[in-house]
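Note that the numbering runs from 1 along the sequence shown for the chain.
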Amino acid sequence: QELEPYLQEGVSVLDFAKNGRSTKSFIEEGLFEEGLERAKEGDVALISFGHNDEKKEDPTRYTTAYGTYQENLVYMIDELKKKGVRSVLLTSIARFRYNLDGSLRFTHGEYPEAMRELAKKISLPLVDLNKLTRDYLSSHPEKDNQRFYMNFGPHLYPNYPEGKDDHTHMRKEGAQWICSMVVRELKKIDFLKEFFR
């Protein structure tokens, strides 16, 4: 939602993401096929999964980090490549979760590393958002970082009179924060420079 202001005129964003999807459910629900049908030669796909692949309690979403997770990513990358689309992988952002000692909790298990290793193995560009967000959040006080996440008390937003206790999703300021990091990293990738202002 925050990406278009950074892009050259005439470059548009098609967003096929839906909350709560893993690589498995995204494919099985036909969301990937929908994106693939709209894809054209010369397009770029930004692929970020992991938050929901780790849900062991939900067989409709769960994948193994070094098994079906990587396999599903490769499937999407290969199918997009057949249509002339280049892919960029993005590891999952850190959650707003802290240990009792105030340190940031690591909540994504093996999935960020599985994506890093896959990107290296198949020589695909990677934006390591997990590391970038962890580094930032770890170097700033928890109370300052809260402004990015949908984690707040009552009466702050009319739509959430009782507040919200969401440690994963972003407020507008958080979306802008993430997008600025993503854009900074994407501009370092040669074939993407032409897309940005």
NZ/NE/NH1/NH2 to OD/OE distance under 4.0 Å, Lys83 and Glu41:
no
Do Phe191 and Val183 share a hydrophobic cluster, counting only Ile, Leu, Val, Met, Phe, Trp and Tyr and linking them when any side-chain heavy atoms are less than 4.5 Å apart?
yes
Are Ile47 and Val13 linked, directly or through intermediate hydrophobic residues, by side-chain heavy-atom contacts shorter than 4.5 Å (ILVMFWY only)?
no
Heavy atoms only: give me the nearest Glu185-Leu132 pair and the separation to one decimal.
CG-CD1, 3.7 Å
Any chance you could measure Lys193, atom NZ, to Ile189, atom CD1, to the nearest 0.5 Å?
10.0 Å
Shortest non-hydrogen contact from Arg21 to Ser25?
CA-OG, 3.3 Å
Presence of salt bridge, Asp58 and Arg61, under 4.0 angstrom
yes
Ionic contact status for Asp135 with Lys131, cut-off 4.0 Å:
yes
Could you go step by step and tell me if Glu79 and Val85 meet the side-chain contact (heavy atoms from CB on, under 4.5 Å) rule?
CA-CA 9 Å; Glu79 291 301 305; Val85 177; over 6 Å; no
Between Arg116 and Asp128, is the closest basic N to carboxylate O distance under 4.0 Å?
yes
Nearest heavy-atom pair of Leu89 and Ala119: which atoms, and what distance?
CD1-CB, 4.0 Å
Intermediate values then yes/no, side-chain contact (heavy atoms from CB on, under 4.5 Å), Phe152 and Tyr157
CA-CA 9 Å; Phe152 45 82; Tyr157 297 112; 3.4 Å; yes
Are Met181 and Val127 joined in one hydrophobic group, where the rule is that I, L, V, M, F, W and Y side chains link up if heavy atoms are under 4.5 Å apart?
yes
Determine whether a donor-acceptor pair (N or O, by modelled atom type, separation under 3.5 Å) exists between the side chain of Gln8 and the backbone of Phe196.
yes
Over 60° means perpendicular and under 30° means parallel, so classify the ring planes of Tyr136 and His140, tilted if in between.
parallel
Looking only at side-chain N and O atoms, does Thr23 offer a donor or acceptor that is under 3.5 Å from a partner on Asn72?
yes
Would you find more than 12 non-hydrogen atoms of other residues, nucleotides or ligands less than 6.0 Å from Glu57 atom CD?
yes
Salt-bridged, Lys172 to Glu2, with N to O below 4.0 Å?
yes
Taking atom types as modelled, find out whether Arg97 and Thr107 have a side-chain donor-acceptor pair closer than 3.5 angstrom.
no
If we only count heavy atoms from C-beta on, is the Arg86 to Leu124 side-chain gap below 4.5 Å?
no
Nearest atoms (heavy-atom pairs only) where Gly42 meets Phe195
O-CZ, 3.9 Å
Can you tell me if Glu113 has over 12 outside heavy atoms packed within less than 6.0 Å of its CD?
yes
Under-4.0 Å salt bridge between Lys24 and Glu54:
no
Quick check: do Cys179 and Tyr6 have side-chain heavy atoms less than 4.5 Å from each other?
yes
Of all the heavy-atom pairs spanning Phe49 and Ser92, show the shortest one and how long it is.
O-OG, 3.4 Å
Could you go through the side-chain contact (heavy atoms from CB on, under 4.5 Å) check for Tyr62 and Thr64 one step at a time?
CA-CA 7 Å; Tyr62 177 64; Thr64 53; 3.8 Å; yes
Side chain proximity check, Leu126 to Leu90, heavy atoms < 4.5 angstrom:
no
Starting from Val44, can I reach Met115 by hopping between I/L/V/M/F/W/Y residues whose side chains sit under 4.5 Å apart?
no
Hey, are Glu117 and Lys120 close enough for a salt bridge, meaning a charged N less than 4.0 Å from a carboxylate O?
no
With a cut-off of 6.0 Å (strictly less than), are more than 12 heavy atoms of other residues, nucleotides or ligands near CD of Glu162?
no
Measure the shortest side-chain to side-chain distance between Glu37 and Glu34 over non-hydrogen atoms and say whether it is less than 4.5 angstrom.
no
Between Val88 and Tyr111, is there a shared hydrophobic cluster once you connect ILVMFWY residues whose side-chain heavy atoms come closer than 4.5 Å?
no
If we count only N and O atoms by modelled type, under 3.5 Å, do the side chains of Thr91 and Asn130 hold a donor and an acceptor together?
no
Under 3.5 Å, is there a donor-acceptor pair between the Asp165 and His167 side chains?
yes
Pairing donors with acceptors under 3.5 angstrom, does anything connect the side chains of Tyr160 and Asp166?
no
CG of Asp15 to CG of Leu3, rounded to nearest 0.5 Å, is 10.0 Å
Test side-chain contact (heavy atoms from CB on, under 4.5 Å) on Leu192 and Lys187 and set out the steps.
CA-CA 6 Å; Leu192 292 177; Lys187 283 182 174 180; over 6 Å; no
Output for pair (Asp53 CG, Lys56 NZ), nearest 0.5 Å, gives 13.0 Å
Heavy-atom closest pair (Arg95 atom, His108 atom, distance to 0.1 Å) is NH1-CE1, 3.3 Å
So for atom CZ, which belongs to Arg147, do other residues, nucleotides or ligands contribute more than 12 heavy atoms lying within a distance under 6.0 Å?
yes
I need the Leu36 CG to Phe32 CZ distance, nearest 0.5 Å.
4.5 Å
When rounded to the nearest 0.5 angstrom, what distance separates CG in Leu137 from CG in Asn145?
4.5 Å
Can you say whether the rings of Tyr149 and Trp177 are parallel (under 30°), tilted (30 to 60°) or perpendicular (over 60°)?
perpendicular
Rounded to the nearest 0.5 Å, what separates atom CD in Glu33 from atom CZ in Phe26?
10.5 Å
Say whether, by atom type as modelled, one donor and one acceptor occur between the side chain of Arg134 and the main chain of Ala94 under 3.5 angstrom.
no
